[in-house]
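This report concerns only the one structure given below.
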Protein chains: 2
Amino acid sequence: MTSTEHAEPAPRRRRGRPGYDQSAILRAAIDLFNRRGYDATSMGDLARELGLTKPAIYHHVSSKEQLLGQALDDALDELTAVVSEASRDGAGAGAYERLRGVVRRSVEVLVAHQPSVTLLLRVRGNSEVELAALERRRWLDDRLAALVADAVAEGALRDDVPPGLVSRLLFGMVNSLVEWYRPDGAYDLRMVAEAITSIAFDGLARHETGHLARHDT
Amino acid sequence: MTSTEHAEPAPRRRRGRPGYDQSAILRAAIDLFNRRGYDATSMGDLARELGLTKPAIYHHVSSKEQLLGQALDDALDELTAVVSEASRDGAGAGAYERLRGVVRRSVEVLVAHQPSVTLLLRVRGNSEVELAALERRRWLDDRLAALVADAVAEGALRDDVPPGLVSRLLFGMVNSLVEWYRPDGAYDLRMVAEAITSIAFDGLARHETGHLARHDT
DNA sequence: CCTACCGATCGGTAGG
DNA sequence: CCTACCGATCGGTAGG
């Protein structure tokens, strides 16, 4: 028994019914793009998902590619903020501490903006929008590699592996998060951030020495 | 000047001209699928790439999806071989050594079969073929998590991070390889395998103790 | 915000 | 009759 039944046989109709705005459509689009892939997702799929028709979507959105662009910008803006803050060497903090900070804050961004970051990490460069995103990603990668190089130069990181290789592997591990992390899963944000930093910097093996350097950035 | 010129104005024609076989078409398809994405690649694209017509491709191949399936099977067969070998606990080798072995051999497989593994790691489950591949992948993940758990139980790995989380992060780092590794690039296979195992097990930080446990599996 | 469409291109197959 | 293809087009669906 539903409350407030009217005489109308179709109680569904209201003024400007669902009332989706651009950002609600964007969220749904990002979700579908991630589940099926961008190319495998049609605007018709998106319309059905939202209970709209295809033309109704184009009332809010100018193109499918624009939706992708906005998602990629969201992810890139967040990651750029994290990386630029750590790159302008702040008051007295060493490169090693700044690197640990970037790793931790990257994990936070990946979790808070997982859908858009996931999309970013899958971009292939198939369009102008994707190529622009790849260029911004390259900028991030370069900054991260420089930060790793600084930490090596500082003497805080091992120097038997090229900094470029270290940064790819380190952030490869961080980024892999988007493939499996679920906010409602067994691992919370703090645990994952702690696991990544401690595995990356101190390693998995239990060393016999017993006194591993503990950092809690 | 080409040798053996005939009177014919079109010297291009020969018996069964280019002579592509199934595996050459598969290789080209995998390459295109990786560069543009599976859905963004049309059979027409593949035909153009090979200098054939679309119907000519269907002479060798039954469907686009079959090409994907064969690529995924190739990757899965290789990875399954590595994981099963390490899972049936061989003569005397401990879980820790077997885990290091799996990491190293996984790196070798990722490099030797990079195109098909890359495809595998991007599967979304959009078809029966993809769903079957995801199921086999889940089996692999479970085996790897069990191996990590064994190594923890053995006392060789740190126990302050859940084994499931460790295995995701460890193989997240390993798998990230396919995103950037180039056989003709700056890093050779040995260097990458060494970097991954030493970072994963001993960590990035330079410890003051000086005597890190060194393993060269 | 819908019905009704467009130019083009999709994966796949006909006859020869 | 085989192989290795071609020119043309199928029924449907894409983004817009």
Side-chain angles (χ1 to χ4, degrees), chain A residues 8 10-26 28-33 35-72 119 124 126-130, chain B residues 8-33 35-72 119 124 126-130:
Chain A
E8 295 158 14
R12 224 164 261 263
R13 306 252 156 188
R14 286 181 220 137
R15 286 292 184 120
R17 255 149 305 152
Y20 289 116
D21 59 349
Q22 235 253 16
S23 79
I25 292 176
L26 179 58
I30 293 175
D31 189 55
L32 276 180
F33 292 166
R35 268 155 47 198
R36 314 185 190 179
Y38 176 74
D39 290 295
T41 303
S42 75
M43 292 299 269
D45 293 335
L46 178 57
R48 197 179 327 111
E49 181 81 8
L50 291 166
L52 299 177
T53 59
K54 233 183 339 169
I57 287 190
Y58 281 98
H59 177 74
H60 298 284
V61 159
S62 70
S63 75
K64 185 185 177 187
E65 201 170 355
Q66 178 217 322
L67 285 169
L68 178 62
Q70 283 181 249
L72 298 180
L119 226 43
R124 307 304 315 151
N126 283 340
S127 63
E128 289 302 319
V129 164
E130 295 195 359
Chain B
E8 293 158 15
R12 223 163 262 263
R13 308 252 155 188
R14 286 181 220 136
R15 286 297 184 113
R17 257 150 303 155
Y20 289 114
D21 61 349
Q22 236 252 17
S23 79
I25 292 176
L26 179 58
R27 271 195 305 276
I30 293 175
D31 189 55
L32 276 181
F33 292 166
R35 269 155 46 198
R36 313 184 191 180
Y38 175 76
D39 290 295
T41 303
S42 74
M43 292 301 268
D45 294 335
L46 178 57
R48 198 180 325 113
E49 180 83 7
L50 291 166
L52 298 176
T53 59
K54 232 185 338 169
I57 288 190
Y58 281 98
H59 178 76
H60 299 284
V61 160
S62 70
S63 73
K64 185 186 177 187
E65 200 170 358
Q66 178 218 321
L67 285 169
L68 178 62
Q70 283 181 250
L72 298 180
L119 226 43
R124 309 303 316 151
N126 284 339
S127 63
E128 288 303 318
V129 164
E130 296 195 358

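Here is the naming used below: chain letters follow the sequence lines, and residue numbers restart at 1 for every chain. Just so it is clear, the model here is predicted, and its values are computed rather than measured.
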How close do A:L32 and A:L46 get, counting heavy atoms only, and between which atoms?
CD1-CA, 3.6 Å
Value for OG (A:S127) from CZ (B:R36), rounded to nearest 0.5 Å, stands at 13.0 Å
Minimum heavy-atom separation for B:Y38 and B:K64, please, with both atom names.
O-NZ, 3.1 Å
Provide, to the nearest angstrom, the distance between the CD1 atom belonging to B:I25 and the P atom belonging to C:dG12.
14 Å
Could you pull out the closest heavy-atom pair between A:D39 and B:A40, with the gap in Å?
OD2-CB, 3.4 Å
Rounded to whole Å, the CD-C1' distance (B:Q22 to D:dT3) equals 16 Å
What one should report as the nearest heavy-atom pair of A:Q66 and A:S63 is N-OG, 3.0 Å
Under 4.0 Å from OP1 or OP2 of C:dC1: is there any side-chain N or O of A:H60 that close?
yes
Distance check, rounded to the nearest 0.5 Å: A:S62 atom OG versus A:Q22 atom CD?
8.0 Å
B:I57 atom CD1 is separated from C:dC10 atom P, nearest whole Å, by 13 Å
Work out which heavy atom in B:F33 is nearest to a heavy atom in B:L68; give both atom names and the distance.
CE1-N, 4.2 Å
Close residues, residues 61-71 of chain B, relative to DNA chain C [heavy-atom separation under 4.0 Å]
B:S63, B:K64
d(A:T41 OG1, A:D31 CG) to nearest 0.5 Å is 9.5 Å
Which donor-acceptor pairs under 3.5 Å do side chains of residues 47-59 of chain B form with protein atoms, sequence neighbours excluded?
residue : atom : partner : partner atom : Å
B:R48   : NH2  : B:D45   : OD1          : 3.3
B:T53   : OG1  : B:A56   : N            : 3.4

Looking at every non-hydrogen atom in both residues, tell me the closest pair between A:L67 and A:A29 and how far apart they are.
CD1-CB, 3.9 Å
Dot-bracket for DNA chain D, 5' to 3', with Watson-Crick and G-U pairs under 3.5 Å, [ ] for crossing pairs and | for other-strand pairs: what is it?
.....|.|.||.|.||
Let's go through B:E130 and B:R124 carefully: what are the C-alpha distance in whole Å and the side-chain angles of both, what is the deciding distance for side-chain contact (heavy atoms from CB on, under 4.5 Å) to 0.1 Å, and is it a yes or a no?
CA-CA 7 Å; B:E130 296 195 358; B:R124 309 303 316 151; 4.2 Å; yes
Between C:dA4 and D:dG16, how far apart are the P atoms? Round to whole Å, please.
22 Å
According to a strict under-4.0 Å criterion, is A:T53 in side-chain N/O contact with OP1 or OP2 of C:dC1?
no
Taken to the nearest 0.5 Å, the spacing of B:L26 CG from B:Q70 CD works out to 5.0 Å
Under 3.5 Å between N/O atoms: give me all the protein pairs with nucleotides 4-6 of chain C, atom names plus distance.
none

Presence of B:Y58 side-chain N/O under 4.0 Å of C:dT13 phosphate oxygens OP1/OP2:
no
Could you identify which residues of residues 35-48 of chain A place a heavy atom less than 4.0 Å from some atom of DNA chain C, listed by residue number, or say none?
none
Residues in salt bridge (charged side-chain N to carboxylate O under 4.0 Å, His left out) with B:R27, at least two apart?
none
